[in-house]
Amino acid sequence: MKMKSALCGLTMILSAFGCSAQVKKTPKPNILVILCDDLGYADVGFNNSPDIITPELDKLAKAGTIMTSAYVAHPFCGPSRAALMTGRYPHQIGAPYNLSDNGRVTDLGVPVNEIYMSNMLQGAGYYTSIVGKWHLGDNPQFRPNKRGFDEFFGFLGGGHRYFPNQYQPIYEKQKSAGMYPINDYLKPLMHNNEEVSETEYVTDALSREAVRIVTESKKKNKPFFMYLSYNAPHVPLEAKEEDLKVFANIKDKDRRTYAAMVYAVDRGVGEIVKRLKENGQYENTLIVFFSDNGGNFDHGANNFPLKGTKGDTFEGGFRVPMFFHWPNKIAAGVHFDHPVSALDLYPTFAHLANTNPPKGKVLNGKNIWNDLASNTSPHKDEMIYSLRYREGYCDVAARKEDWKIVRMGNEPWQLFNITKDLGEHKDLSGQFPDRLKEMVAETKEWTKTHIAPLWVYSQKDAEYWESGRLPGYDDTFEVDKLRMGPLEYKEMMEKRK
Ligand code: CA
């Protein structure tokens, strides 16, 4: 970050007639979280995309502070979103796997005793809404209206088709044939608990509803908290003709479609900003923009210069584009290079809403507001983690200031100076073996806070957990050996008996 305060104006007014300081109560800001789904690090203009233009997002980013080292708590959708809502690593709440999209009714979801940021802000007097993708449980007790959101418009599953005139006929046909389950991607959008008949391209529908709710919040004379959770540019890659035309120069069809989908989000953000300005809400609205995980390079995304893709614990999996925008409160034209985490949003929003996190609430992030002002690292000497369970093993990464350790697949542990070597090309573990060991040991210690998952993907995963092959931390955190093969593992388990 260039040396300039990211926080411009606190409103402390010293009394002219005495020594006592009088703190002028700042009105609670509106808080607008705009989340994209699987958006790559380099897929926005403000992060130097070579081929995607995002003029509306860029205007906000450049009038705000761009976080260059922003991490999410997990390299794919559901767990990342569970972490955002709860302020906790998904491994601590039993939610490190995605919930299924197959449409089957289950009794699974993020436990109801976890108090979401929406609950907190609702309690602090906010009008709370979610527009878009939920993915945190579709049984009634897990739905947005039961989890601190006054209003919900969108869909409960992990993704959705984009053109109603294409998905609705398929849905109707399957429904009338008595098919069960019907995939979440085909189901009608919902307004609170009612299915609605939608005609617009889904990204446009979500933007339209966001604009509507912004205005309705103003009429309620309350600050708003909106979680605008676009499913774009997550697959299926489906874009409008008018947006595709903007990117006619992109040869690759997937990339062209993906670019057009991002552009549709950008158009929508432009409409929302326009309405905020018309309503006189713009000056008092904090906008936080980011992606729930890294881009998927099999589906048109670009994470350059980061290594890896969605799902990885290389940077490309969980380091995401992010900015904060708030006129006269967040500095303009600034890059903040210290690591921050999506887990920091819960406590930071509590601070801005003049409230406290619920009593006894465990939070893994911290209020970063003062660090933005002073350009200091909110996580000095602290680790930021990413851990993903694969079939029978796990991938892990941890970052502390300039340093990052990572273990992916059957590769040994690696150590990078991630500030100098953003692309994770030069493994320094041979040069700094003690640093590597210390960081691995600290990460292993962190895993003691984990609990068993409340759901997994498959029977195979269930067997891995049953047998002890997952989480398999003893194996994972063994620095000097490669991971065990199936035979070695079998031997180890025999010896344990
Ligand atoms: Ca995602």
Side-chain angles (χ1 to χ4, degrees), residues 33-44 47 52 54 57 70-86 89-91 95-102 109-110 130-138 144 154-162 183-185 202-203 206 227-239 254-255 257-259 261-262 264-266 268 288-303 306 308-322 341-343 345 386-390 395 397 455 457:
V33 171
I34 306 176
L35 190 67
C36 277
D37 199 350
D38 296 8
L39 179 69
Y41 191 75
D43 290 332
V44 281
N47 268 8
I52 298 181
T54 51
L57 290 168
Y71 294 95
V72 288
H74 199 81
F76 57 74
C77 306
S80 172
R81 287 150 192 273
L84 172 65
M85 283 297 114
T86 60
Y89 280 106
H91 321 80
Y97 287 88
N98 275 335
L99 288 162
S100 167
D101 294 324
N102 69 10
V110 176
I130 167 172
V131 178
K133 165 169 160 175
W134 180 237
H135 210 189
L136 299 175
D138 57 9
F155 50 92
L156 294 165
H160 211 278
R161 296 275 304 266
Y162 290 86
N183 191 279
D184 286 339
Y185 281 53
V202 165
T203 299
L206 301 181
Y227 172 31
L228 175 53
S229 171
Y230 286 109
N231 52 316
H234 192 288
V235 288
L237 297 178
E238 296 175 347
D254 279 0
R255 179 67 179 167
T257 311
Y258 176 99
M261 293 167 79
V262 176
V265 168
D266 191 75
V288 179
F289 174 88
F290 65 112
S291 175
D292 70 335
N293 50 255
N296 187 335
F297 55 43
D298 287 334
H299 299 300
N302 177 6
N303 296 320
L306 309 182
T309 186
K310 172 185 181 179
D312 282 3
T313 52
F314 287 127
E315 296 288 277
F318 71 114
R319 182 164 173 163
V320 295
M322 178 187 272
S341 166
L343 293 167
L345 295 177
S386 183
L387 187 150
R388 184 217 170 141
Y389 301 118
R390 300 232 185 219
D395 289 335
W455 59 88
Y457 281 147

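In this text the structure is predicted, and so the values were computed from the model without any measurement. Any value given below was found using the heavy atoms of this structure, including those in side chains, with hydrogens, waters and symmetry copies removed. In listed order, ligands and their atoms are each counted from 1. Note that the numbering runs from 1 along the sequence shown for the chain.
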- Can Leu306 and Phe314 be said to form a side-chain contact (heavy atoms from CB on, under 4.5 Å), step by step? CA-CA 8 Å; Leu306 309 182; Phe314 287 127; over 6 Å; no
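Asp38 pairs with exactly one of Asn296, Asn231, Asn293 by the side-chain hydrogen bond (donor to acceptor under 3.5 Å, both in side chains) rule, that one being Asn293.
Under the 4.0 Å criterion applied to side-chain N and carboxylate O atoms, Asp37 and Arg81 are assigned as salt-bridge partners.
Between the Ca ion (ligand 1) and Cys77 there is an N/O/S contact shorter than 3.0 Å. Look at Asn293 and the Ca ion (ligand 1): an N/O/S atom of the residue is under 3.0 Å from the metal.
Judged by distance alone, the side chain of His160 and the main-chain N or O of Phe155 form no donor-acceptor pair under 3.5 Å.
The Ca ion (ligand 1) sits nearest to atom OD1 when only the N, O or S atoms of Asp37 are considered.
Considering the Ca ion (ligand 1) as centre, the angle to OD1 of Asp292 and to OD1 of Asp38 is 100° (10° rounding).
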